[in-house]
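What you see below is based on every heavy atom in this structure, not just the backbone, and it leaves out hydrogens, waters and symmetry mates. Given the structure is predicted, the values throughout are model-derived calculations rather than measurements.
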Amino acid sequence: MVTYTLLGLHTEGNAGLVMMIVVCTAVLGSATGLLTSAFAKAEFQAMQFLPATVMPRILLCGLIRPRDRMAPWLDAVSDAMPSRYAAVALTEVGGHSLPTGTMWLDLSVVVGCVLLALLLGAATFRRQTA
């Protein structure tokens, strides 16, 4: 809500939808962090996974460089990045006064990726018994 009040953000769509997409994206980041930390043997090793998991998502989601101006193979790789779907959903909310089918589809992909990351993270945790 800071962006709407202090920074003067205006979207055609509902601010609640923006918040929902942002929260889902934040949970996706946490779930991805849990998944990657399950493969780390120490805390420092988990931190080393950060550039390998976060940087491609930021660079390929379409926020820095539009996806239509990327090389075709990079565009194909970005289709596998859940942050790309979050960016498209936010773009849809920003440009349309009512929720669109594209926004709901992209949000469902993000939520599906959250569930998948949480399930895979839970399945890969090492069990300890006393």
Side-chain angles (χ1 to χ4, degrees):
M1 298 319 297
V2 170
T3 56
Y4 281 98
T5 56
L6 295 179
L7 301 177
L9 176 69
H10 172 73
T11 57
E12 292 294 322
N14 187 352
L17 289 173
V18 172
M19 292 299 295
M20 183 173 58
I21 295 167
V22 168
V23 167
C24 288
T25 306
V27 173
L28 174 66
S30 297
T32 305
L34 288 172
L35 176 62
T36 55
S37 69
F39 294 105
K41 291 183 174 52
E43 291 84 6
F44 182 71
Q45 191 177 21
M47 291 302 295
Q48 290 175 331
F49 287 139
L50 185 70
T53 58
V54 174
M55 289 307 292
R57 291 192 321 198
I58 291 172
L59 294 174
L60 296 177
C61 73
L63 291 176
I64 295 174
R65 183 172 179 89
R67 292 184 63 236
D68 59 354
R69 295 182 53 204
M70 289 183 192
W73 68 275
L74 284 176
D75 190 33
V77 170
S78 75
D79 286 338
M81 304 284 175
S83 56
R84 169 237 187 234
Y85 296 97
V88 171
L90 284 171
T91 302
E92 288 289 312
V93 172
H96 298 86
S97 60
L98 295 174
T100 63
T102 303
M103 189 230 32
W104 289 117
L105 179 66
D106 289 339
L107 183 60
S108 65
V109 169
V110 172
V111 170
C113 289
V114 167
L115 294 175
L116 181 66
L118 287 175
L119 289 173
L120 289 174
T124 57
F125 273 124
R126 294 179 227 39
R127 307 288 190 262
Q128 295 182 355
T129 57

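A distance of 4.0 Å separates CZ of Arg67 from CG of Asp75, quoted to the nearest 0.5 Å. The CG atom of Leu35 lies 9.5 Å from the OG1 atom of Thr53; values are rounded to the nearest 0.5 Å.
Checking each of Val111, Val22, Val114, Val110 against Val27 for a side-chain contact (heavy atoms from CB on, under 4.5 Å) leaves exactly one that passes, namely Val114.
Shortest non-hydrogen contact noted between Cys61 and Ala87 is O-CB, 3.9 Å.
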Could you go through the side-chain contact (heavy atoms from CB on, under 4.5 Å) check for Met103 and Ile21 one step at a time? CA-CA 9 Å; Met103 189 230 32; Ile21 295 167; 4.0 Å; yes
Assess whether side-chain contact (heavy atoms from CB on, under 4.5 Å) is satisfied between Val88 and Thr102, documenting all intermediate values. CA-CA 8 Å; Val88 171; Thr102 303; 4.1 Å; yes
Stepwise side-chain contact (heavy atoms from CB on, under 4.5 Å) check, Leu60 with Arg84: CA-CA 7 Å; Leu60 296 177; Arg84 169 237 187 234; over 6 Å; no
Using the side-chain contact (heavy atoms from CB on, under 4.5 Å) rule, take Glu92 and Leu17 through it: C-alpha gap first, then chi angles, then the decisive distance, then the call. CA-CA 10 Å; Glu92 288 289 312; Leu17 289 173; over 6 Å; no
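Proximity of a side-chain donor or acceptor of Tyr85 to a complementary backbone N or O of Ala80 within less than 3.5 Å is not detected.
Cluster membership for Trp104 and Leu98, using ILVMFWY side-chain heavy atoms within less than 4.5 angstrom, is not shared. Put simply, Leu59 and Val54 are part of the same group of oily side chains (I, L, V, M, F, W, Y) that touch within less than 4.5 Å, one to the next. Linking ILVMFWY residues whenever their side-chain heavy atoms come closer than 4.5 Å, directly or via other members, places Trp73 and Met81 in the same cluster. Hydrophobic clustering (ILVMFWY, side-chain heavy atoms < 4.5 Å, transitive): Leu118 and Val23 are in one cluster. Residue Leu105 is not grouped with residue Leu28 when hydrophobic side chains (ILVMFWY) are merged at heavy-atom distances under 4.5 angstrom, including chains of intermediate members.
Inter-residue side-chain proximity for Ile58 and Leu63 is flagged as unmet; no heavy-atom pair is nearer than 4.5 Å. Residues Thr32 and Arg57 have side chains in contact (heavy-atom distance under 4.5 Å, counting atoms from C-beta outward). Side-chain contact between Val93 and Asn14: absent, with no pair of heavy atoms (C-beta onward) separated by less than 4.5 Å.
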